[in-house]
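Computed from a prediction, not measured in an experiment: that's the story for all the values here. Numbered from 1 within each chain, the chains take letters A, B, ... in sequence-line order. In what follows, every heavy atom counts, from backbone to side chain, and hydrogens, waters and symmetry copies are set aside.
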Number of protein chains: 2
Amino acid sequence: MSITEHDTTKERITTAAGEIFAERGFDGTTVRDICQRAGANIAAVNYYFGDKQRLYVEAVCQAHRWRMEQFPLPAWDGNTLSETKLADFIATFVRRVRSGPGATWHSKLMMREMANPTAACAELVQSSIRPQFEILLQILRELSSEEVALDTLRLTAFSIVGQCLFYHFADPVIRNLLSDDEYKSLDVEQLSTHITDFSLAAIRRLSRAPRAGAAR
Amino acid sequence: MSITEHDTTKERITTAAGEIFAERGFDGTTVRDICQRAGANIAAVNYYFGDKQRLYVEAVCQAHRWRMEQFPLPAWDGNTLSETKLADFIATFVRRVRSGPGATWHSKLMMREMANPTAACAELVQSSIRPQFEILLQILRELSSEEVALDTLRLTAFSIVGQCLFYHFADPVIRNLLSDDEYKSLDVEQLSTHITDFSLAAIRRLSRAPRAGAAR
DNA sequence: GCTCGTTTCAAACACTTGTTTCAATCAATT
DNA sequence: AATTGATTGAAACAAGTGTTTGAAACGAGC
């Protein structure tokens with residue numbers, strides 16, 4: 001997470017790389033900057049990772065592993081309400097994307113990877129995003145009536161995930177749009193509650209009347 | 001929009017720059033590539049724009065102007081239903097972000113600017129994003145009961161905008177998540193309809209019972 | 001104490017980058 | 001046709017890039 005002198009050179013480089021890649025992107029980052037922050041020699045990148053590209057992939061994967069471990073989904077048993085599961089899922093998602101005062105460099109790095117997909121993106125989807133998405137789909141299945149089509153469930157899942165991710169990728173815009181006080185009031189708790197309320201309300205109403213009939 | 005031999009050298013460069021900046025970002029783009037696609041000499045960048053940075057700002061602003069002109073909000077009169085306005089707003093938003101088979105380079109460029117804000121970002125928020133946001137807030141005011149707080153309206157607006165933008169910035173992930181047929185079925189019409197239905201259902205239910213009481 | 005594999009270091013290499021230069025070319029005006 | 005200013009062109013420049021090199025320093029095992 002942060003660089004200490006106790007870490008090995010390889011670990012220090014991976015961490016420093018993640019931080020700088022997150023801030024400036026792949027092309028905007030130089031291996032000299034990374035090694036300077038890591039307190040290592042330039043040749044160490046070649047020695048430990050082969051080249052800059054493989055160091056990047058390693059940094060992205062490590063950042064992702066850390067984020068997942070840091071904010072795991074709570075354990076559910078057979079008695080857990082589906083509504084509670086959805087609230088937990090959303091709260092965890094928002095926390096992963098918006099922990100602490102602002103977004104950490106972990107999620108910034110992930111976001112960059114999604115906006116500018118490299119080799120790391122496909123593997124990330126397969127190993128982590130897809131399982132998470134399946135969990136959400138299962139929760140939505142429990143919350144909806146039987147006859148709701150899979151297409152609709154998927155779109156609903158996208159609506160929920162979209163709301164959560166918005167607060168990360170649109171952060172600079174939100175900052176410009178709101179006053180300082182308004183911005184600071186957007187804490188994880190309030191956002192999670194709103195997204196859960198909003199989504200649950202929509203699910204319940206749509207489930208009751210499959211086509212609510214928007215004016216159009 | 002696309003480069004033709006009838007355009008002036010300056011116009012061809014601006015367009016080519018927008019396309020390549022959108023695809024590879026500022027640092028990943030070389031002025032040599034831009035000038036090659038524009039069929040111009042390298043020195044033309046310095047001659048017309050001064051340097052690469054000012055060419056970038058010009059390209060971003062032009063792309064934004066084009067996108068707005070290409071997909072304007074429809075004209076509403078006093079009789080237009082608020083529900084219709086919301087549907088129009090969402091459909092226009094989705095179209096701007098996802099016109100044609102995929103996202104055009106216009107919106108890609110805008111997204112990059114939001115993810116990696118430069119000088120162009122703040123001005124963009126002031127001149128365009130804020131007015132659009134106010135329009136959405138006004139629509140939501142009309143749709144909600146009097147006692148709904150401004151904070152709630154804002155969060156609702158974020159929920160709607162987040163759903164729309166999701167299909168742009170998460171596009172590579174969606175592609176990996178769905179099969180080809182499923183992905184191709186996500187046309188602008190279906191997405192707009194779903195987001196409108198979903199949001200309208202949530203607004204109506206939340207407006208009826210301000211705290212729907214999510215389990216948590 | 002010596003050896004051998006691992007790790008670190010300063011320096012250099014090969015290449016690409018944005019930018020500049022200045023002569024050649026073009027197009028309109030006289 | 002000549003002139004003048006705007007535009008284009010090929011080449012070069014200076015700075016920075018990722019990568020490589022080969023020797024020095026280190027550390028555990030004998």
Side-chain angles (χ1 to χ4, degrees), chain A residues 3-63 109 112-113 116-121, chain B residues 3-63 105 109 112-113 116-120:
Chain A
I3 301 174
T4 79
E5 57 191 9
H6 304 98
D7 295 324
T8 66
T9 300
K10 187 175 181 181
E11 288 169 341
R12 293 201 317 274
I13 290 180
T14 311
T15 303
E19 293 174 4
I20 304 184
F21 279 140
E23 195 175 340
R24 307 183 211 168
F26 182 81
D27 292 310
T29 300
T30 72
V31 296
R32 280 171 177 81
D33 287 342
I34 292 174
C35 290
Q36 187 181 359
R37 180 176 302 196
N41 189 271
I42 311 184
V45 167
N46 177 269
Y47 180 73
Y48 286 109
F49 301 94
D51 56 21
K52 184 186 178 185
Q53 178 67 40
R54 270 172 286 186
L55 166 58
Y56 174 78
V57 172
E58 185 60 32
V60 169
C61 288
Q62 193 198 55
L109 188 54
R112 256 183 213 282
E113 180 56 27
N116 206 58
T118 72
C121 179
Chain B
I3 300 175
T4 78
E5 58 189 9
H6 304 98
D7 294 325
T8 67
T9 300
K10 187 175 181 182
E11 288 169 341
R12 293 200 316 274
I13 290 178
T14 312
T15 302
E19 294 174 3
I20 304 184
F21 279 140
E23 196 174 342
R24 307 183 212 166
F26 183 81
D27 291 311
T29 300
T30 72
V31 296
R32 282 172 176 79
D33 288 342
I34 292 173
C35 291
Q36 187 181 0
R37 180 176 302 197
N41 189 271
I42 312 185
V45 167
N46 178 270
Y47 180 73
Y48 285 109
F49 301 94
D51 56 21
K52 183 186 178 186
Q53 178 68 40
R54 270 173 285 185
L55 167 59
Y56 174 78
V57 173
E58 184 61 32
V60 169
C61 289
Q62 193 198 57
W105 63 266
L109 189 54
R112 256 183 213 283
E113 180 57 27
N116 207 57
T118 71

* More 5' along DNA chain C: A/Arg32 or A/Ala40, using each one's nearest nucleotide? -> A/Ala40
* **Result of checking A/Asp51, A/Ile13, A/Ile42 against A/Val31 for side-chain contact (heavy atoms from CB on, under 4.5 Å)** => A/Ile42
* Sub-3.5 Å donor-acceptor pair from the side chain of A/Arg54 to the main-chain atoms of A/Asn46, do we have one? -> no
* Any side-chain N or O of A/Thr9 less than 4.0 Å from the OP1 or OP2 oxygen of C/dT8? -> yes
* Outermost nucleotides of DNA chain D that come under 4.0 Å of a non-hydrogen atom of chain B -> D/dA6 to D/dA12
* Would you say B/Arg24's side chain and B/Thr29's backbone share a donor-acceptor pair under 3.5 angstrom? -> no
* Among residues 42-51 of chain A, which contact DNA chain D at a heavy-atom distance under 4.0 Å? -> A/Ile42, A/Ala43, A/Asn46, A/Asp51
* **Heavy-atom pair with the smallest gap, counting every atom of B/Ala22 and B/Trp105** => CB-O, 3.4 Å
* Under 3.5 Å donor-acceptor, B/Asp33 side chain and B/Gln36 backbone -> no
* Asked: What's the verdict on side chain to side chain contact (heavy atoms under 4.5 Å, CB included) for B/Phe49 and B/Lys10, showing C-alpha distance, side-chain angles and the deciding distance?
  -> CA-CA 9 Å; B/Phe49 301 94; B/Lys10 187 175 181 182; 3.7 Å; yes
* Structure fact -> Rounded to whole Å, CD1 of B/Ile34 lies from C1' of C/dG18 at a distance of 11 Å
* Checking A/Lys52 side chain against A/Phe26 main chain: does a donor-acceptor pair fall under 3.5 Å? -> yes
* To do: May I have the distance from B/Ile20 (atom CD1) to C/dG18 (atom C1'), rounded to whole angstrom?
  => 15 Å
* Okay, side chain of B/Arg112, backbone of B/Glu23: is any donor-acceptor separation there less than 3.5 Å? -> yes
* Separation of atom CG in A/Asp27 from atom P in C/dT16, rounded to whole Å -> 15 Å
* Rounded interatomic separation in angstrom, taking CG from B/Asn41 and P from C/dG18 -> 14 Å
